[in-house]
Amino acid sequence: MSHAHGTHAHGTHAHGPHEHGAPAHHPHEPTPHDSPDLSALQAEVLDLDAEVLASHIASLTDWLPLTAAPRHIVDLGAGTGAGTFALLARFPEAHVTAVDTSAPHLQRLREKACAAGLEGRVRTVQADLDAPAWPELGTPGLVWASASMHHMADPDQALRHVRELLAPEGLFALLELSGFPRFLPAGEEAALEERAHTASDRFHAEHVPHRGAEWGPKLTEAGFTIADERTLDVRIEAPENPAIARYALAGLTRLRTTVAETLSPDDLRALDTLIAPERLTERRDLTVRTTRRIWAARP
């Protein structure tokens, strides 16, 4: 069964279930052994994130406290397009500018747009959002940043750029995750998964120090007014969606690359056994468990 619990900043229930992902849509994450193969794996994770959480992403686009339907949207850290395509579906008159540092991710996004007949409504821009000046992105009525702001070397600078970018009545939707999804059922497997995540958290604390930041005060300091806020706890059982097993395989394989040098040899061997594709993809006892937060802010 799928559950998604939303709360406003003051604890009342939000309307409907969650994202992606927002999230999703993350820029490329560093790993101890980065390679083109891992970049392809990252793209697969993003695509599966979009597929598994599609209804939740749609509910977030429905929730956005907009004063008018935007005609131009900027998706910052668009990845392979989870947010881009959800926003195109939600706002049929809008065009989206998808911005990311990864050329392969943007190429994948363009291919998907062409396949869906949406190429006329999508523009891709490859850009380093840590640069002192951003490329020309127009004056959007909505800026969407899902799991991307924590990758910025100077997120405060990036937030100021967003404020300057937005139309006067525009909205900034900032989505972040509390951590990567969990998949394994309770017991020793779940304990192993948590140990791997603990090792991954140590790695990311060094390489992605703004993950888990408190974005509300940062938005206020950058000159935004918070219009609304929502926390979403997502739980989706594997029988509801056959893509969950593939999502778990891709996500746990990516996790393994991050912790390969820090996890104990015994745990690494156990993890390798666990994520053998012929075993994991046949399982139906997996569950996607994740928490996302979204802030909607106006300049």
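The model shown is predicted, which means the values in this text are computed figures rather than measured ones. This chain uses plain numbering: 1 for the first residue, then up along the sequence.
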Legend entry - Side chains of Thr291 and Asp233, donor plus acceptor under 3.5 Å: yes
Inset, instruction - With side chain to side chain donor-acceptor pair (under 3.5 Å) as the test, would you mind laying out the steps for His72 and Thr97 before giving the verdict? - result: CA-CA 8 Å; His72 178 211; Thr97 299; 3.0 Å; yes
Run the salt-bridge test on [X] and [Y] with the 4.0 Å N-O cut-off and return the result as yes or no.
X: Glu169; Y: Arg298; answer: no
X: Arg235; Y: Glu237; answer: yes
X: Glu93; Y: Arg121; answer: no
X: Arg292; Y: Glu176; answer: no
X: Lys112; Y: Glu119; answer: no
X: Asp266; Y: Arg269; answer: yes
X: Glu194; Y: Arg182; answer: yes

Main-chain N/O of [Y] paired with [X] side-chain donor or acceptor, under 3.5 Å:
X: Arg289; Y: Leu184; value: yes
X: Glu136; Y: Gly138; value: yes
X: Glu193; Y: Phe183; value: yes

Legend entry - With Glu44 via side chain to side chain contact (heavy atoms under 4.5 Å, CB included) - residues at least two apart: Leu41, Leu48, Ala250
For the hydrophobic clusters of this structure (ILVMFWY residues joined by side-chain heavy atoms under 4.5 Å, transitively), does one cluster hold both [X] and [Y]?
X: Trp63; Y: Ile73; value: yes
X: Leu249; Y: Leu263; value: yes
X: Leu280; Y: Ile236; value: yes
X: Leu106; Y: Trp134; value: no
X: Met152; Y: Trp295; value: yes

Inset, instruction - Sort out for me which residue in Leu174, Asp100, Val99 forms a side-chain contact (heavy atoms from CB on, under 4.5 Å) with Leu76. - result: Val99
Legend entry - Test log, rule side chain to side chain donor-acceptor pair (under 3.5 Å), inputs Gln157 and Arg160: CA-CA 5 Å; Gln157 172 185 271; Arg160 290 192 294 270; 5.2 Å; no
